[in-house]
Amino acid sequence: MLITLTTDFGTSDWFVGTMKGVISGIARATRIIDITHKVPPGNLVDGAFALAASSPHFPAGTIHIAVIDPGVGSSRRAIALRTRNAIFIGPDNGVLSWAVREEPVEEIRVLNNEAWFLEPVSHTFHGRDVFAPTAAHLAAGACFRDAGDLVEDFVRLPWPALEKGEQSIRGEIVYVDRFGNAISNLPGSAIPPAVLEEGRLTTACGGRMLTLHHCYTDVPPGKPLAILGSSGLLEPAINGDDFAEQNGIEVGSPVRATWQD
């Protein structure tokens, strides 16, 4: 069995290692893979995107824990979502929602089986006391229905709407990676394949007009371009530099792509 971890805990404190210790104490044979622990503190959008971009590439049956949890210790629920291919565990604050945006959720459970928790449950570290042990019990073979009570819905972060024209599509930036590439919500699947293949596409973002290329080195160092990134989404970028910083781009900045048939 495989468990992944996505958190905003960083790597300088003991939080991530402690969660791994809890998991290993319950499900010794389970492999644990770190997706990232450098989500900006409390940033649900960045955490949701990281989980959504990575989770489809794991084997069926993987259990994903995401802990970006500014409401820890409050009345916010702890939940587990089961899809056909995976289980997602974390706070009910939207951080899990983008990962299941295009995949039907078959079952939702509120985590209230206290027999699975570490006692006493801390008001500030549910990653250790609730999420990690719940995932470990499931990885060790416990039934999903025993995780807690069945509920009907969960908190969803809104995915920005697309505005589609005959030869255009408009949206916004949803994530900026560590290289400064500004990942948009404009999917390559919404653009005619021939347009993508031949690069007959212009992307407007941050006051720049960008032509589409297949790789960064198609333009000289320091020059901007648009590229269809590994997540299948259009990305304004600069070859060897930080597009977002140079152009004042942040999550929510508008972006528009146009083409001619």
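Since the model is a prediction, treat every value here as computed from it, not as a measurement.
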TODO: Over 60° means perpendicular and under 30° means parallel, so classify the ring planes of His126 and Phe131, tilted if in between.
DONE: perpendicular

Open item on the list: Less than 4.5 Å apart, side chain to side chain, heavy atoms only: is that true for His137 and Asp146?
Closed with: no

- [ ] Step through the shown structure and confirm whether more than 12 heavy atoms of other residues, nucleotides or ligands are within 6.0 Å of CZ on Phe144.
- [x] yes

Open item on the list: Among Arg82, Arg145, Arg84, which residue satisfies the salt bridge (charged side-chain N to carboxylate O under 4.0 Å, His left out) criterion with Glu106?
Closed with: Arg82

Open item on the list: More than 12 heavy atoms of other residues, nucleotides or ligands under 6.0 Å from NZ of Lys38: yes or no?
Closed with: no

Task: Rounded distance [0.5 Å steps], CD1 in Ile3 versus OG1 in Thr62 - done: 9.5 Å

TODO: Is it possible for you to say whether Leu162 and Leu228 belong to one hydrophobic cluster, with membership spreading through side-chain heavy-atom contacts below 4.5 Å?
DONE: yes

- [ ] Would you check if the side chain of Asn93 reaches a backbone N or O of Val95 as a donor-acceptor pair within less than 3.5 Å?
- [x] yes

TODO: Would you check if Ile65 and Met19 make a side-chain contact, meaning some heavy-atom pair closer than 4.5 Å?
DONE: yes

Open item on the list: So for atom CD, which belongs to Glu245, do other residues, nucleotides or ligands contribute more than 12 heavy atoms lying within a distance under 6.0 Å?
Closed with: no

TODO: Return the minimal non-hydrogen interatomic distance between Val67 and Pro91, and the atom names on each side.
DONE: CA-CD, 4.4 Å

Task: Taking every non-hydrogen atom, the tightest pair across Gly180 and Asp242 - done: CA-OD1, 3.2 Å

TODO: Would you check if Phe154 and Val100 make a side-chain contact, meaning some heavy-atom pair closer than 4.5 Å?
DONE: yes

TODO: Calculate, to the nearest 0.5 Å, the distance between atoms CD1 and OG belonging to Ile63 and Ser55 respectively.
DONE: 14.0 Å

Open item on the list: Please verify the inter-ring angle class for Phe9 with Phe125; under 30° counts as parallel, over 60° as perpendicular, anything in between as tilted.
Closed with: perpendicular

Task: Atom of Ile68, atom of Gly47 and distance for their closest heavy-atom approach - done: CD1-CA, 4.0 Å

TODO: State, yes or no, whether a side-chain contact exists between Pro59 and Leu2 at a heavy-atom distance under 4.5 Å.
DONE: yes

Open item on the list: Run the side-chain contact (heavy atoms from CB on, under 4.5 Å) test on Asn239 and Lys223 for me, step by step, so that the C-alpha distance in whole Å, both residues' side-chain angles and the decisive distance to 0.1 Å come before the verdict.
Closed with: CA-CA 6 Å; Asn239 179 15; Lys223 296 297 183 181; 5.6 Å; no

Open item on the list: Quick one: does any side-chain atom of Ser253 pair with a main-chain N or O of Glu250 as donor and acceptor, under 3.5 Å?
Closed with: yes

Open item on the list: Just so I know, are the side chains of Asp8 and Phe15 near enough to count as touching, which here means a heavy-atom distance under 4.5 Å?
Closed with: no

Open item on the list: Ile169 vs Lys164, test: side-chain contact (heavy atoms from CB on, under 4.5 Å). Steps then yes/no.
Closed with: CA-CA 4 Å; Ile169 185 169; Lys164 297 181 180 180; 4.1 Å; yes

Open item on the list: Would the distance check show the side chain of Asn43 and the main-chain N or O of Val39 forming a donor-acceptor pair, the cut-off being under 3.5 Å?
Closed with: no

Open item on the list: As a quick check of understanding, evaluate side-chain contact (heavy atoms from CB on, under 4.5 Å) for Val255 and Thr203, giving each step before the final call.
Closed with: CA-CA 7 Å; Val255 59; Thr203 302; 3.6 Å; yes

Open item on the list: If you take the centroid of each ring, where Trp contributes its six-membered ring, are His64 and Phe58 closer together than 6.0 Å?
Closed with: yes

Open item on the list: Looking at His214 and Glu197, would you say the former's side chain and the latter's main chain have a donor-acceptor pair under 3.5 Å?
Closed with: yes

Open item on the list: Taking the side chain as everything from C-beta on, heavy atoms only, tell me whether Tyr175 gets closer than 4.5 Å to Asp46.
Closed with: yes

Open item on the list: So Gln167 and Val195, do their side chains get closer than 4.5 Å, heavy atoms only?
Closed with: no

Task: Distance in Å, Met209 CE paired with Arg256 CZ, rounded so as to fall on 0.5 Å steps - done: 8.0 Å

Open item on the list: Under a 3.5 Å distance rule, please check whether Arg109 uses its side chain to pair with a backbone N or O of Gly148 as donor and acceptor.
Closed with: yes

Task: Other residues, nucleotides, ligands: >12 heavy atoms within 6.0 Å of Arg31 CZ - done: no

Task: 4.5 Å side-chain heavy-atom contact, Pro236 and Arg208 - done: no

- [ ] Would you give the length of the straight line joining atom CD1 of Ile79 to atom OG1 of Thr134, rounded to the nearest 0.5 angstrom?
- [x] 12.0 Å

Open item on the list: Side chains of Asn112 and Asp149: any donor to acceptor distance under 3.5 Å?
Closed with: yes

Task: Residue pair Leu44 / Leu157: nearest heavy atoms and the distance that separates them - done: O-CD1, 3.8 Å

TODO: Identify whether Trp116 and Met1 are in the same connected component of the hydrophobic contact network (ILVMFWY, side-chain heavy atoms under 4.5 Å).
DONE: yes

Open item on the list: Nearest 0.5 angstrom please: Leu201 CG to Leu186 CG, how far?
Closed with: 9.0 Å

- [ ] Look at the side-chain heavy atoms of Ile, Leu, Val, Met, Phe, Trp and Tyr, link any pair under 4.5 Å apart, and say whether Ile89 and Val72 land in one connected group.
- [x] no

Task: same_hphob_cluster(Val45, Val176) at 4.5 Å side-chain heavy-atom cutoff - done: no

Task: Side chain Asp177, main chain Phe179, donor-acceptor under 3.5 Å - done: yes

TODO: Please say whether more than 12 non-hydrogen atoms of neighbouring residues, nucleotides or ligands are located less than 6.0 Å from CD in Glu119.
DONE: yes

Open item on the list: So which atom in Pro158 and which in Trp98 form the shortest heavy-atom distance, rounded to 0.1 Å?
Closed with: O-CZ2, 3.5 Å

Task: Derivation of the side-chain contact (heavy atoms from CB on, under 4.5 Å) call for Asp129 and Phe117 - done: CA-CA 6 Å; Asp129 298 337; Phe117 299 169; 5.6 Å; no

Open item on the list: Which heavy atom of Asn185 sits nearest to which heavy atom of Gly171, and what is that distance?
Closed with: OD1-CA, 3.3 Å

- [ ] Rounded to the nearest 0.5 Å, what's the gap from CD1 on Ile183 to CG on Leu234? Could you check?
- [x] 11.0 Å

- [ ] Is it possible for you to say whether Phe88 and Leu111 belong to one hydrophobic cluster, with membership spreading through side-chain heavy-atom contacts below 4.5 Å?
- [x] no

